[in-house]
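Okay, so here's the structure we're looking at.
Chain naming here is simple, since letters A, B, ... match the order of the sequence lines and numbering starts at 1 in each.
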Number of protein chains: 2
Amino acid sequence: MQQLTRQELHKHIAASGLKATSQRMVVYEAIVALHGHHPTAEEVYQHLKPANPSISLGTVYKTLDTFAEAELVRRVLTEEGGKRYDTNTTTHSHIYCSNTREIIDFDDPELEIVLRDFFSKRQVENFEIKSFAVQLTGKKVEPDKQISISGVSNQNL
Amino acid sequence: MQQLTRQELHKHIAASGLKATSQRMVVYEAIVALHGHHPTAEEVYQHLKPANPSISLGTVYKTLDTFAEAELVRRVLTEEGGKRYDTNTTTHSHIYCSNTREIIDFDDPELEIVLRDFFSKRQVENFEIKSFAVQLTGKKVEPDKQISISGVSNQNL
DNA sequence: GTCAGTGCAAAGACTTTGCAACACT
DNA sequence: AGTGTTGCAAAGTCTTTGCACTGAC
């Protein structure tokens with residue numbers, strides 16, 4: 001994502017019905033800058049601290065929580081239990097590497113079409129579905145090694 | 001899942017290369033009993049405590065972690081940041097209710113076929129996929145209300 | 001008998017909260 | 001001006017760790 005001007009930041013935040021304070025703009029800016037890294041509150045704080053030494057960690061926590069409620073950002077599911085955040089992009093799919101614990105964006109329009117199609121036919125009882133995501137788990141391999149999906153075992157599917 | 005005998009518990013645990021201690025059997029028994037509830041360590045502890053007052057919470061934490069490493073149980077992704085566990089069943093899909101914070105199993109063979117199919121064609125670069133899961137997010141509705149998927153907005157897909 | 005596993009309690013990590021001061025609308 | 005937001009620090013929650021003891025193999 002490109003650099004946002006102060007005005008744009010203001011607009012983004014105000015558009016969600018939130019007061020556009022300077023801390024919120026800074027936090028939003030940081031999470032945009034860290035897009036793809038799925039940072040924790042602490043990481044957001046560390047990122048914006050040099051340029052904004054007066055902001056407090058507690059405010060970052062509160063702000064991210066507020067943003068998540070307002071759907072300005074979304075929480076990323078983790079197996080480790082920490083809360084991570086990301087800008088609310090069009091894809092909700094992630095790959096989780098069990099070796100490096102990275103969460104990598106996986107953006108595949110085809111997959112999304114397939115799923116969207118599936119759920120437009122398959123209604124879930126007593127449930128109003130708001131969004132869905134695919135979570136892939138696996139391990140990074142060396143670029144020169146053979147890439148395979150054959151390792152997907154039946155009992156995992 | 002049915003009741004497991006002490007011998008069966010022993011076998012399950014030993015089969016993963018772990019020492020089959022009585023604490024481990026009790027923890028495994030509890031998580032089987034709580035299958036579908038996706039309990040936290042604390043909940044597992046509360047469940048087994050009445051019958052096993054001498055077991056310590058720390059041991060439950062350690063044991064669940066050990067089990068997860070050995071893939072005897074799996075960690076369930078949560079948005080809230082707490083670690084939850086479940087027996088390693090054949091489905092990996094969940095529905096998360098943002099109202100009640102419940103995690104509900106969603107077992108749909110058709111969906112699994114669709115995804116399995118998709119990923120058998122679509123290889124992911126430099127990544128060996130081990131498993132995948134679909135995470136649905138939404139809200140429970142009253143049984144008499146209209147159920148709809150139309151609320152799925154484009155920007156979430 | 002050996003060594004991994006356990007209980008306990010303390011430490012650690014992460015997150016939330018209360019409140020006075022502050023700043024956006 | 002009024003109300004929601006911030007900074008700070010303290011409290012709270014959840015999880016891990018160290019160590020002496022125990023029990024499974």
Check your understanding: CD1 of A:Ile55 versus P of C:dA23: gap in Å, rounded?
Key -> 14 Å
Practice item. Ignoring the backbone of B:Arg24, work out which of C:dT25, D:dC8, C:dT6 is nearest its side chain. Key: C:dT6
Check your understanding: Whole-Å distance between D:dG23 P and B:His10 NE2?
Key -> 15 Å
Practice item. For B:Pro39 and B:Ile31, work out which heavy atoms get closest and say how close. Key: CG-CG1, 4.2 Å
Review point. Roughly, in whole Å, what's the span from NZ in B:Lys19 to P in C:dT6?
Key: 9 Å
Check your understanding: What integer distance in Å separates A:Lys49:NZ from D:dC8:P?
Key -> 11 Å
Exercise for review: Just compare D:dT3, C:dT6, D:dC25 and give me whichever is closest to any side-chain atom of B:Ala20.
Suggested key: D:dC25
Check your understanding: Could you give the CG-to-C1' distance, from B:Leu18 to C:dT6, as a whole number of Å?
Key -> 15 Å
**Study point:** Protein-nucleotide distance (A:Met25, atom CE; C:dT25, atom P), rounded to Å
**Key:** 8 Å
Study note, to complete from the structure: Taking D:dT6, C:dG7, C:dG5 as options, the one with an atom nearest any side-chain atom of A:Thr21 is D:dT6
Exercise for review: Decide whether A:His38 and A:Asp105 meet the rule of one side-chain donor and one side-chain acceptor closer than 3.5 Å.
Suggested key: yes
Review point. If you measure from the Lys or Arg side-chain nitrogens to the Asp or Glu carboxylate oxygens, is any gap between B:Arg84 and B:Glu42 under 4.0 Å?
Key: no
**Study point:** Residues A:Arg6, A:Glu29: salt bridge by 4.0 Å N-O rule
**Key:** no
Review point. Side-chain contact, heavy-atom cut-off 4.5 Å: A:Arg24 with A:Thr21?
Key: yes
**Study point:** Contact list for DNA chain D against residues 58-70 of chain B - heavy-atom distance below 4.0 Å
**Key:** B:Tyr61, B:Lys62
Check your understanding: Atom CZ of A:Arg75 to atom P of C:dC14: distance rounded to whole Å?
Key -> 17 Å
**Study point:** OP1 or OP2 of C:dC22 under 4.0 Å from side-chain N/O of A:Gln23
**Key:** no
**Study point:** B:Lys121 bridged to A:Glu110 by N-O distance under 4.0 Å
**Key:** no
Review point. Over how many whole Å does the gap from A:Asn52 atom CG to D:dG7 atom C1' extend?
Key: 14 Å
Exercise for review: Would you classify B:Ser54 as touching base, sugar-phosphate or nothing, given that sugar-phosphate means primed atoms plus P, OP1 and OP2, and contacts are heavy atoms under 4.0 Å?
Suggested key: sugar-phosphate
Check your understanding: Any side-chain heavy-atom pair from B:Ile103 and B:Val76 closer than 4.5 angstrom?
Key -> yes
Point to revise | Selected nucleotide, minimal atom distance to A:Lys83 side chain, candidates C:dT15, C:dG5, D:dT16 | key: C:dT15
